[in-house]
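In what follows, a single structure is set out as structure tokens and then discussed.
Predicted model only: the values in this text are computed from it and were never measured. The figures here come from the full heavy-atom set of this structure, side chains too, leaving out hydrogens, waters and symmetry mates.
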Amino acid sequence: MLSANYEYFLKIVEYKSISRAAESLYVSQPSLTKYLQRLENSVGAVLFDRKQSPMRLTTAGEYFLEYVLQLQAEEKKLSVRIDEIRNQGRDRITIGMPLWRSSVLLPEFLPDFTRKYPLIQIRLLEGPAVALEEAIRKDEIDFGIMNLPVNYADVNYEPMAEEYILLTGSKEMPAVQRLLRRAPTGNYIHADLQELQKESFILTKPGQHITDFVNQALSRQGLSLNCTFRTANVAAAVNLAAAGLGFTFVPELGTRSFCFPASRTVLFTISVPPLRCTLAAVYKKNKYLSSTERLFLNEFRSFCEKLSGQPA
């Protein structure tokens, strides 16, 4: 397995400081300094520019880091393959999803998946995009099912579905009743947000992908909304909207699930062309996807395609 010496090197790269790296490793600063000197002597090149603060990798250090990361990825790949042979079909994968996605998609997807593959155990980590990106970085999850773009650069992703960001409100709201008198464009009626500025809106919190998408659309139209309530949980926002407390925004794919309160709500597009986003599986760059992980992603992509193909 990967040498602890290389783990020490990676900690210095992460913290850009010998003292901070030593503290995180619970070793003394002098011993870590001697380690780095021995490593550089072994490699035959200076790996860090110590004149810079924080420390920076030299050109040789950049090449050595690339080598270490490739070695780490190959050892992980070997470990995964050996586990596949040893487990004989039994496996466990850890996925990350935002609360909204897990609450509306997994109850419809997982029952069929677990019936087909009863030996595969699924572990779930839920949270906002920033938390999922950090979990990917720390190898706490195998991949995250989340919207693009991703701020953490060291990742690969595979699109699962394209979807609209839609506006939704209770069928009982007078403003919804007015909008319903208009002719639909495609599957949805278009709602002009400028006409709804005096209406109440339930919005998600800053830092969430859906908040960013909506803010971009509002910025392009030069609009602000009457936000009466904020929540980090899209499911809570949708249920409050269904109860008539105001409008909210929702990713389209989840509205096709049986968990969405479709009988009490109406969906509208909010921009021309309609605001779109990509749902993707995001995982660490150079990660080897096991046969189980690949199976899950293929099944989930098929599920998303089937769901998005349903009539609105």
Side-chain angles (χ1 to χ4, degrees), residues 1-88 90-96 120 123 125 131-144 146 150-158 280-297:
M1 291 299 114
L2 190 66
S3 166
N5 287 342
Y6 288 168
E7 293 292 354
Y8 286 178
F9 167 74
L10 291 173
K11 280 296 181 183
I12 299 173
V13 172
E14 178 181 354
Y15 286 99
K16 300 180 177 64
S17 162
I18 292 178
S19 61
R20 292 180 60 204
E23 183 179 350
S24 73
L25 292 165
Y26 301 101
V27 300
S28 69
Q29 181 175 339
S31 65
L32 192 59
T33 299
K34 289 179 181 179
Y35 148 79
L36 182 56
Q37 290 171 346
R38 290 194 301 270
L39 180 62
E40 289 177 327
N41 289 336
S42 175
V43 173
V46 175
L47 301 178
F48 291 92
D49 183 352
R50 293 162 173 76
K51 296 178 183 178
Q52 299 285 335
S53 182
M55 290 170 57
R56 296 176 59 182
L57 287 166
T58 62
T59 301
E62 294 283 357
Y63 282 118
F64 187 70
L65 174 62
E66 182 179 352
Y67 161 76
V68 171
L69 293 178
Q70 287 177 350
L71 178 62
Q72 193 177 46
E74 287 300 316
E75 290 189 345
K76 176 65 174 176
K77 185 187 300 185
L78 175 62
S79 176
V80 168
R81 285 176 170 169
I82 290 174
D83 284 344
E84 288 177 336
I85 295 170
R86 185 171 60 243
N87 292 336
Q88 297 181 334
R90 296 182 180 273
D91 207 351
R92 180 175 67 187
I93 59 176
T94 303
I95 64 174
I120 299 176
R123 297 179 64 184
L125 174 69
L132 297 183
E133 290 178 26
E134 182 67 6
I136 292 170
R137 188 184 73 82
K138 292 182 176 180
D139 293 316
E140 294 174 347
I141 57 177
D142 295 308
F143 48 80
M146 54 200 295
V150 177
N151 294 319
Y152 175 42
D154 194 26
V155 295
N156 290 326
Y157 65 85
E158 299 182 20
V282 181
Y283 50 90
K284 203 168 188 178
K285 194 173 289 184
N286 297 324
K287 172 181 170 57
Y288 169 74
L289 288 177
S290 70
S291 58
T292 302
E293 292 163 354
R294 175 57 61 196
L295 174 66
F296 181 94
L297 292 183

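With sequence neighbours left out, the ring pair (Phe, Tyr, Trp, His ring centres under 6.0 Å) criterion links Phe296 to Phe109, Phe113, Phe143. Scanning for side-chain contact (heavy atoms from CB on, under 4.5 Å) contacts around Ala21 gives Lys11, Ile12, Tyr15, Leu32, with sequence neighbours left out. Partners of Thr59 by side chain to side chain donor-acceptor pair (under 3.5 Å), not counting sequence neighbours: none found. For Asp139, the salt bridge (charged side-chain N to carboxylate O under 4.0 Å, His left out) partners are Lys284, not counting sequence neighbours. Applying the side chain to side chain donor-acceptor pair (under 3.5 Å) rule to Arg123 yields no partners; only residues at least two apart in sequence or on another chain are considered. For Glu134, the salt bridge (charged side-chain N to carboxylate O under 4.0 Å, His left out) partners at least two apart in sequence or on another chain are Arg137, Lys138. Partners of Ala60 under the side-chain contact (heavy atoms from CB on, under 4.5 Å) rule, at least two apart in sequence or in another chain, are Ala45, Thr58. Partners of Asn156 under the side-chain contact (heavy atoms from CB on, under 4.5 Å) rule, at least two apart in sequence or in another chain, are Tyr283, Lys285. Applying the side chain to side chain donor-acceptor pair (under 3.5 Å) test to Ser17 and every residue at least two apart in sequence or in another chain returns Ser19. With sequence neighbours left out, Arg294 forms a side chain to side chain donor-acceptor pair (under 3.5 Å) with Glu158.
With contacts defined as side-chain heavy-atom distances shorter than 4.5 Å, the pair Leu36/Tyr8 does not qualify.
Pairing each heavy atom of Ser31 with each of Val27, the nearest pair is OG-CB, 4.0 Å. Between Val282 and Ile136 the shortest heavy-atom distance is O-CD1, 3.5 Å.
Rounding to the nearest 0.5 angstrom, the gap separating the CD atom in Gln72 from the CG atom in Leu65 is 9.5 Å. Of the inter-residue distances, the one linking Ile93 atom CD1 with Leu297 atom CG reads 7.5 Å to the nearest 0.5 angstrom. Between the CD1 atom of Ile18 and the CD atom of Gln29 there is a distance of 6.5 Å, given to the nearest 0.5 Å. Between the CD atom in Glu133 and the CG atom in Asp154 there is a gap of 12.0 Å [rounded to 0.5 Å]. The line from CG of Leu125 to CD1 of Ile141 is 6.0 Å long, rounded to the nearest 0.5 Å. Between Thr94 atom OG1 and Glu293 atom CD the span is 9.0 Å, to the nearest 0.5 Å.
Pairs engaging residues 36-55 under the side chain to side chain donor-acceptor pair (under 3.5 Å) rule: Glu40-Arg50 [sequence neighbours left out]. Listed by first then second residue, pairs satisfying salt bridge (charged side-chain N to carboxylate O under 4.0 Å, His left out) with a partner in residues 21-35 number zero, not counting sequence neighbours.
Screening Leu295, Asp142, Asp91 against Ser290 for a side chain to side chain contact (heavy atoms under 4.5 Å, CB included) leaves a single residue, Asp91.
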Let me see the working for Val43 and Phe64 under side chain to side chain contact (heavy atoms under 4.5 Å, CB included), right down to the final yes or no.
CA-CA 9 Å; Val43 173; Phe64 187 70; 3.7 Å; yes
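Taking the centre of each ring, Phe48 and Phe9 come in below the 6.0 Å mark.
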